[in-house]
Protein chains: 2
Amino acid sequence: MAKKNVQGAAAMADQGRQSADDGSAGAPDVSARPERNRKERAEEILHTLRGRIANHELPPGTRLQEVELAEEFDVSRAAVREILGALEQRGLVNRVPNRGAVVARLDIEEIYEIFDVREALEGLCVRLATQNAPPQTWDPFLERFGDEMAEAIAKGEVEPYIDTLEDLRRETVRWAGNSHATHFLDLLLEKTHLIKLRVMLLPGRAAAGREMHVEMLRHMRAGDAAAAEAAKKRIIRSARDWLERYRSFVM
Amino acid sequence: MAKKNVQGAAAMADQGRQSADDGSAGAPDVSARPERNRKERAEEILHTLRGRIANHELPPGTRLQEVELAEEFDVSRAAVREILGALEQRGLVNRVPNRGAVVARLDIEEIYEIFDVREALEGLCVRLATQNAPPQTWDPFLERFGDEMAEAIAKGEVEPYIDTLEDLRRETVRWAGNSHATHFLDLLLEKTHLIKLRVMLLPGRAAAGREMHVEMLRHMRAGDAAAAEAAKKRIIRSARDWLERYRSFVM
DNA sequence: GTTATCAATATTGTTGACATTTATGTCGGG
DNA sequence: CCCGACATAAATGTCAACAATATTGATAAC
């Protein structure tokens, strides 16, 4: 018993969708709301499980049993059921009647599919962000992607690259201001989180990626949305090529 | 009592999904597979509600009450609850704790967002379909979009145009072979189904759309994927412009 | 006439027990 | 030794009653 605090990392980028209009202007009281906490708790659990699946703390094929989860998070089976339904809608688990839910498996074809969709959606976001953000928004990233990082990467230090990339992604998505594109990208990225990491760790990949991002950022700073979009698409297609080349190693 | 058969139209473009649950000649296997029917029934109800929401048979703001739905479809409240959860995940309804589910409202900004994402995803699908399908795949559509339709449209007959467009969309998505893009497009289109219809009914829109589709199909038949993708994007951007111009009328 | 308080009602959220189905292990027969 | 039938166990699916909460209407005070 008592496997409560196993939560682990569960990082993931979460942009949070607006809960739309309820029209009510007041209601600033957030703390004294037990029922609000209920729903928030459900989303927290969902977030935790998404993270565990994304980083393969729960590897594909793992069975997710209702009573087990209910005990671990100390909620009712009905709540767990709803959460499993959400995971199923997101494509993270497969449920078969009377047999329960298992963490979904990603085959190579699906990964290529996801790369194609990412190319379209991330390209869109880069274009929109370039149009919407003031040019100096991208200066800090050009700085962080500079020579110092190039040297670090040459020495095998890729974490600054990974972190900067994630920050840039978030800032881009933020300035793009398209909640649907953001939501869809979240769905895709949580499915390929580990794959993406492994590709970035391939020999020479970080160096190539850094260079291409510098090029893209120059277009963004110059306000050339079309060029920036094209650069972003080239980056993703390049990553796809690396995956294809090292496929047996990554999978 | 007994408000069972109120189901109504619930038309929607339907992917060749036949209900056909019974009617099988002398096949008593309905009782042999009760569990299979359960899940299929849930998806059927979900499909029905999606259709009603899409064509505003259930207009935005409509409250969806659990007992009411449970009685209409003759299922348990738990089943209805799961279905409402799925509708929430799809962004078709908003649920607030202890207040229930209401059909989501689409504001104009969200519609523009959806147009941008559709441009990216449908462009992708056209490109992939052009690459994957044999060129003669598109000949029947060029035929259907021909002079005869142009004359019909001139006389105010837009239904052939709408039907052909839907068939073309399905064939394109089929040959694109990207399940994620397909799924995302389904999510977007069921939210803007009515808007799309209204735009197609705007004066002159069908004529312009037909011409642009002929151009796109020529590129597809020629196997020029990049040109076809660009043409598709122009089409969607054009539709967006029409919406912008007639916004007050469409909304 | 307006506003605030409070009870009445309706709806959602939760719980636990029960039914159904699948997987597992055992036993007997071949 | 292998195979099938049966019993057992464990998990999911279902249901109805109960609890908590929001909405509505009425009443009284100002």
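Residue numbers begin at 1 in each chain, while the letters A, B, ... track the order of the sequences. Hydrogens, waters and symmetry mates are skipped; everything else that's a heavy atom, side chains included, is used. Note that this is a predicted model, so its numbers are computed, not measured.
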Using 30° and 60° as the class boundaries, would you call the ring planes of A:Tyr246 and A:Trp242 parallel, tilted or perpendicular? parallel
Between A:Ile236, A:Val173, A:Thr172, which is the residue that forms a side chain to side chain contact (heavy atoms under 4.5 Å, CB included) with A:Glu122? A:Ile236
Pairs touching residues 239-251 of chain A that satisfy salt bridge (Lys or Arg N to Asp or Glu O under 4.0 Å), sequence neighbours left out: A:Asp116-A:Arg240
How about A:Leu189 and A:Arg118: do any of their side-chain heavy atoms sit closer than 4.5 Å? yes
Nearest-angstrom distance from the residue atom CZ of A:Arg41 to C1' of C:dT14: 16 Å
How long is the line joining NZ of A:Lys39 and C1' of C:dT12, in whole Å? 12 Å
What I want to check is whether the side chains of A:Glu110 and B:Ser179 have a donor and an acceptor closer together than 3.5 Å. no
Any chance you could list the contact pattern along nucleotides 10-15 of chain D? Use B for base contacts, S for sugar-phosphate-only contacts and - for none, protein heavy atoms under 4.0 Å, 5' to 3'. -SBBSS
